[in-house]
Structure formats: structure tokens, C-alpha cells
2 protein chains.
Amino acid sequence: MIRTTDSRSADAAARALYGGARMSEQRSLIARAVLSATGAFTADELHHRLRETSPGLGLATVYRALAAMHAAGGVATVGERGGSALLAHCVRDDHHHHLVCTSCGDVISVDCPLGETALAAAARAGHLVTRHEITLYGLCARCLRAGGGA
Amino acid sequence: MIRTTDSRSADAAARALYGGARMSEQRSLIARAVLSATGAFTADELHHRLRETSPGLGLATVYRALAAMHAAGGVATVGERGGSALLAHCVRDDHHHHLVCTSCGDVISVDCPLGETALAAAARAGHLVTRHEITLYGLCARCLRAGGGA
DNA sequence: ACTGAAAGTGAGAAGCATTCTCATCTTGGA
DNA sequence: TCCAAGATGAGAATGCTTCTCACTTTCAGT
């Protein structure tokens, strides 16, 4: 395997994304691309990015690696863009959601805004909420300052 | 056009779903199926249901009619099931969300649980939330009483 | 280091929901 | 009634994602 500078710590971080499963050179590359990604990405975007340095990498491999990381909690689905799932690197293991910046694509983790009281209306009516999905879109602080609000 | 009992009021209700656009026999049938649906449905489910009485009805026609109703605000996307979009009849024109009963498929409209304070965390960090999507899954009061919680 | 079974890979086919194309009706205002 | 805009049905096309298959790589146990 070709090793680059800082490969040991990068390997450890990459391996962590898969939750300790078997590691291949391709999965390592994919994990590093996920770790170095700024913000959200689609599987296809990640594949294109990786193709620049690894022309032989298959799209199915990217999907499989992302699925493995998803299962291990290393990446999360944070929304959708143009019909494709938007993914992002995520290490928080507590319950939270994501704010996707529609300007730069960056992803900010936010605490779940749904508390006991917020769901009181449903509870009062006798319903039980067992699962919820929240996706937030907006502008991150940087883009907001840069004039995104103009 | 074949007319059934109560067709005049049904027509009016059906027409309203499209927001006053041109009306065809097929669109009328589709709108009535939407109005009589109990809970959420996918485009394909609706098509199958309609096929029983209207064998010639095309799937594309159902998709087009649903898109028209969606644009007019007569139906809303309330979640997803097995890769297909879950739709439901919805007439509330204020901002709200939907609770999909995972047992019977019924859909309950709920007020948006996100208030000013709920988004304070994002605001404090300097971010701006411009759009959000919330999908709630759980059990409706009826299924809960019927032992769904067992 | 060697071995073998389990797991990963690449290419392309397949699956699926949804949209588009096009020739042919319908609709509804003039 | 007339007719242009709009709707329809069948199937092709599209795009995302998953599966298949033959082959290669990984790694625990030796």
C-alpha cells in the first residue's frame, strides 16, 4: 500500500469511521475524503472527487463504503439535493440534527429542538411520536456575515 | 362522463384540490380517491386503487395530477415509505407538519413545534435557518388505544 | 511468512420511482 | 360549434442506488 505523510493517524481516524470493520486501501481513501470534506456531499460528488486521484475507483465501492460508515455512525444523512442523498461526516453520537448551509454546503450540528413541551400538542391529542426527522436549511454564520443575507 | 350520487359537491371538492385549473374526468377520479383516502399513500398505491375501477388510467396521469394538486396545496408530502414519497390530502394553509401513524397510515396535522426559542441555539451561533422539514412518525390515538403500545 | 475463508472490488446490469415524449383526445372559452 | 391550450396513455428515458459475478485483498490462525 502506498503511504503518505501522517498516514498512521489518518488511518486510525479512517478506520474509526467504519467502526472497526475490515479495511481496504479503497475504504481508506474514501474515509479520508469524507474526513477532509468541508460540509455535505452526495455519493456521486465524492466519487468524482476521488476519481481525480484514483481513476479506477468504482461508484459501487463508494456507495458500499458510505453504507458501512453510515451503519457505524461515521456519516449521517443530512438532507437531499437534486434527488440525491446529502451526506456528511458526523461523530456526535447523541441525538441531534443538522443545519445545511445552502450557500457553502457546510453542515452544522444542532441540538434537537424538540423537547417534551414541543410535542405536547401531539401528546394532548393522544398520539405518540416515536421517531422524527428534522432537516434544517439556511445560512451558516460565515456566509451570513459574508453578505448572504443581502 | 359517468356521474355518481353526490357528484356535484364531490366535483367542487375535487376541483378545489387543483386550485381552479382545468378539470378532466381522470383528474376528478384521482382527486376523489385522494379525498377518500384514509391517511397517507404513495403515488403507486393510489394508482393501484384507481385501476380497480378505472383500468385504463395511466401512472403518469396520476403523477401529473398529484403534482398539480401539490402545486395548488391540495396534497402534501408527509414522509416516505420504501423509497416512495408518502402523500396525503391536506387543506391547512398555515405552517404545520404531519404525524404519520406507522400502524394504520393515518396522518395527523400538528402545529410546527419549532418556535423562536427552539431555534435559539442556531441563532446564538450566528446561523440563520431559512427552511426546515419535520416528519413525525408514531402511533395515532386510535392505534395507541387499540394496543399498539404493547 | 503462509493459508484460507470471509470480505471487498470494479464493471455493468438491474431495480425502482419519477419524468419525459409524442401522437391522440378533451376541455372550455369565444 | 370551433379550436388552441391543456390532458392522456403507453412506453421510453432518466437518475439514484443496489445487486451480481468473477476476481482480488485482507487478516486471524498457524
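Just so it is clear: chains get the letters A, B, ... in the order the sequence lines come, proteins before strands, and each one is counted from 1. Values below: every heavy atom of this structure, side chains too, minus hydrogens, waters and symmetry copies.
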Sequence neighbours excluded, every pair satisfying salt bridge (charged side-chain N to carboxylate O under 4.0 Å, His left out) that has a member inside residues 68-86 of chain B: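 Non-adjacent pairs meeting salt bridge (charged side-chain N to carboxylate O under 4.0 Å, His left out): Glu45(B)-Arg81(B).
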
Grab the [atom1]-[atom2] distance between [X] and [N] for me, whole Å please.
{"X": "Arg15(B)", "N": "dA7(D)", "atom1": "CZ", "atom2": "P", "answer": "12 Å"}
{"X": "Leu29(B)", "N": "dT8(D)", "atom1": "CG", "atom2": "P", "answer": "10 Å"}
{"X": "Met69(B)", "N": "dA7(D)", "atom1": "CE", "atom2": "P", "answer": "12 Å"}
{"X": "His70(B)", "N": "dT19(C)", "atom1": "NE2", "atom2": "C1'", "answer": "15 Å"}
{"X": "Leu66(B)", "N": "dT18(C)", "atom1": "CG", "atom2": "P", "answer": "10 Å"}
{"X": "His48(B)", "N": "dA17(C)", "atom1": "NE2", "atom2": "P", "answer": "9 Å"}
{"X": "His47(B)", "N": "dA17(C)", "atom1": "NE2", "atom2": "C1'", "answer": "14 Å"}
{"X": "Phe41(A)", "N": "dC16(D)", "atom1": "CZ", "atom2": "P", "answer": "16 Å"}

Summary of protein contacts for nucleotides 6-12 of chain C, nucleotide by nucleotide, where a base hit scores B, a sugar-phosphate-only hit scores S (4.0 Å, heavy atoms): BSSBBBB

If you round to the nearest 0.5 Å, how far is [atom2] of [Y] from [atom1] of [X]?
{"X": "Leu66(B)", "Y": "Leu46(B)", "atom1": "CG", "atom2": "CG", "value": "6.0 Å"}
{"X": "Arg49(A)", "Y": "Glu52(A)", "atom1": "CZ", "atom2": "CD", "value": "8.5 Å"}
{"X": "Asp106(B)", "Y": "Leu99(B)", "atom1": "CG", "atom2": "CG", "value": "9.0 Å"}
{"X": "Leu136(A)", "Y": "His98(A)", "atom1": "CG", "atom2": "NE2", "value": "10.0 Å"}

Check each residue of residues 80-90 of chain B for a non-hydrogen atom within less than 4.0 Å of any atom in DNA chain C, then write out the ones that pass by number, or none.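 Those residues whose heavy atoms fall under 4.0 Å from DNA chain C, taken from residues 80-90 of chain B in numerical order, are Gly83(B), Ser84(B), Ala85(B).
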
Hey, quick one: are Phe41(B) and Leu29(B) part of the same hydrophobic cluster, counting side-chain heavy atoms closer than 4.5 Å, chains of contacts allowed?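 Shared cluster, yes.
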
Does a nitrogen or oxygen in the side chain of Tyr63(B) sit under 4.0 Å from OP1 or OP2 of dT19(C)?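 So the side chain of Tyr63(B) is outside the cut-off, no N or O lying under 4.0 Å from OP1 or OP2 of dT19(C).
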
Does His132(B) have its ring centroid less than 6.0 Å away from the ring centroid of His97(B)?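 Ring centroids of His132(B) and His97(B) are less than 6.0 Å from each other.
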
Under a 4.0 Å threshold between the charged nitrogen and the carboxylate oxygen, would Arg131(B) count as salt-bridged to Glu133(B)?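 Between Arg131(B) and Glu133(B) there is a salt bridge, with a charged N closer than 4.0 Å to a carboxylate O.
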
Going by side-chain hydrogen bond (donor to acceptor under 3.5 Å, both in side chains), Asp111(A) matches just one of His96(A), Arg92(A), His95(A). Which one?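 Of the listed residues His96(A), Arg92(A), His95(A), the side-chain hydrogen bond (donor to acceptor under 3.5 Å, both in side chains) partner of Asp111(A) is Arg92(A).
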
